[in-house]
Amino acid sequence: MFKHIKWLLAAAPLVLILGGCGLKSVKMVDEDAFVAMSKRMGKELKSRSLLDAEGDYIKTFSFFSEDYPDIILNHLSPSFLYSGPDDNRSPATFAGLAKGNEFKRLDYGFKIKTAREDITVTMIGIADWDGKGDEWLAACKVEPRPAHRTREYYVAFPAPPAEGQVHGRVIALDECFGFDCRLYISDSKVASNQDVQVSDSVPGLKAVTEPPKAEKGKREGLEERSLP
């Protein structure tokens, strides 16, 4: 369903032609993760000119690949999993969260197993998400044990500095109870999403799909949080 346009340095004129149509390129890191994101929120990516009307995209790449798993591990703060940068429960970086827990490096990210949940972070690519310049895009999937509710956070953040930490902001959240999923978009560009009412448990995110059915009076859903 989702096709793509590949180009090398020799195909640079193609970028100029498509650029005139407003389609922005994506410096791809994990293409499978980008395709999965595209299938989940295709309308949003089209509205942000990261996909065209047919679902095509411009993929760029670099001959000098960064060590994305190591950079994210040692510089990205997991504060977006808590209530924000000021939450003292959050370690400074994911490296702090990995201490004392099972850690596995993956091709484009890593997996941390804590006593309560599995956290998988994947670097998707680099793109201009909100029209203000390129940012790193990553996915962070949180799977509690025993399995009950899974969350996949899509996070944007500036290129990490050589030293110190960087905070990400949640641009979308996909929450699933079994096969019932609900997608939230932050500052959605899709006109049909503008007037959707969202639970106050996820301020700043717009609900795009129907939530799973829950018994009246029960709050099994999202915790109170503010996006960084």
Side-chain angles (χ1 to χ4, degrees), residues 29-30 33-34 36-37 65-127 129-130 132-177 182-187 199-205 219-228:
V29 177
D30 187 339
F34 180 79
M37 181 182 183
S65 180
E66 301 274 6
D67 187 352
Y68 294 110
D70 185 72
I71 294 173
I72 293 177
L73 177 69
N74 290 293
H75 296 282
L76 180 61
S77 168
S79 59
F80 61 86
L81 296 176
Y82 301 88
S83 61
D86 297 326
D87 193 325
N88 57 18
R89 295 176 300 168
S90 173
T93 65
F94 274 97
L97 188 61
K99 288 183 178 179
N101 292 305
E102 183 179 340
F103 175 83
K104 181 179 181 181
R105 181 187 169 103
L106 307 175
D107 289 341
Y108 305 110
F110 51 83
K111 186 172 188 176
I112 299 171
K113 286 190 174 186
T114 72
R116 298 187 304 171
E117 57 198 9
D118 295 346
I119 301 171
T120 305
V121 178
T122 303
M123 177 65 178
I124 299 173
I126 299 174
W129 177 259
D130 58 8
K132 298 179 181 179
D134 283 349
E135 295 181 283
W136 290 26
L137 304 179
C140 178
K141 189 171 186 178
V142 180
E143 302 171 278
R145 294 191 306 273
H148 170 59
R149 171 189 66 181
T150 63
R151 283 176 163 184
E152 186 154 21
Y153 298 81
Y154 291 93
V155 184
F157 51 97
E163 297 182 3
Q165 65 177 176
V166 63
H167 291 278
R169 72 184 192 283
V170 178
I171 57 176
L173 170 62
D174 195 14
E175 182 180 53
C176 295
F177 294 77
R182 182 170 185 172
L183 177 67
Y184 300 89
I185 302 288
S186 180
D187 299 321
S199 167
D200 60 2
S201 61
V202 193
L205 294 177
R219 290 201 57 156
E220 297 282 354
L222 308 178
E223 64 187 22
E224 294 291 331
R225 67 194 320 275
S226 298
L227 296 183

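FYI, side chains are in, hydrogens and waters are out, and symmetry mates aren't considered; it's all heavy atoms of this structure. Bear in mind that the values here come from a model prediction, so they are computed numbers and not experimental data.
Residues R105 and D67 are paired through a salt bridge, judged by an N-O separation under 4.0 Å between the basic side chain and the carboxylate. Using a 4.0 Å cut-off between a side-chain N of Lys or Arg and a carboxylate O of Asp or Glu, R151 and E175 qualify as a salt bridge. The pair D187-R169 fails the salt-bridge criterion, with no side-chain N (NZ, NE, NH1 or NH2) lying under 4.0 Å from an Asp/Glu carboxylate O.
Residue T114 holds its OG1 atom at 7.0 Å from CG of L97, rounded to the nearest 0.5 Å. The structure places OH of Y153 at 5.5 Å from CG of L81, a figure rounded to the nearest 0.5 Å. Between the CZ atom in F110 and the CD1 atom in I119 there is a gap of 9.0 Å [rounded to 0.5 Å]. K113 contributes atom NZ, which lies 5.0 Å from atom CG of D118 (distance to the nearest 0.5 angstrom).
Residue E135 comes nearest to P158 through the heavy atom pair OE2-N, 4.5 Å, listed as atom of the first residue, atom of the second, then distance. Across all non-hydrogen atoms, the minimal contact from I112 to A98 is CD1-CB, 3.9 Å. The two atoms that bring D30 and M123 nearest to each other are CB-O, 3.4 Å, heavy atoms only. Of all the heavy atoms in S79 and H167, the pair that sits closest is OG-ND1, 2.9 Å. Across all non-hydrogen atoms, the minimal contact from S77 to P91 is OG-O, 4.0 Å. The minimum heavy-atom distance linking E117 with V142 is given by the pair OE1-CG1, 3.4 Å.
At least one donor-acceptor pair closer than 3.5 Å links the side chain of Q165 to the backbone N or O of A92. Side chain of H75 to main chain of G164: a donor-acceptor pair is present (N/O by atom type, distance under 3.5 Å, no hydrogens or angles).
Side chains of Y184 and V170 form no contact here, defined as non-hydrogen atoms less than 4.5 Å apart. Using a 4.5 Å heavy-atom cutoff, the side chains of L73 and F103 are in contact. P160 is not listed as a side-chain neighbour of L76, based on a closest heavy-atom distance of 4.5 Å or more. Y68 is listed as a side-chain neighbour of I126, based on a closest heavy-atom distance under 4.5 Å.
Note: F157 and W136 have tilted aromatic rings, judged against thresholds of 30 and 60 degrees for the angle between ring planes.
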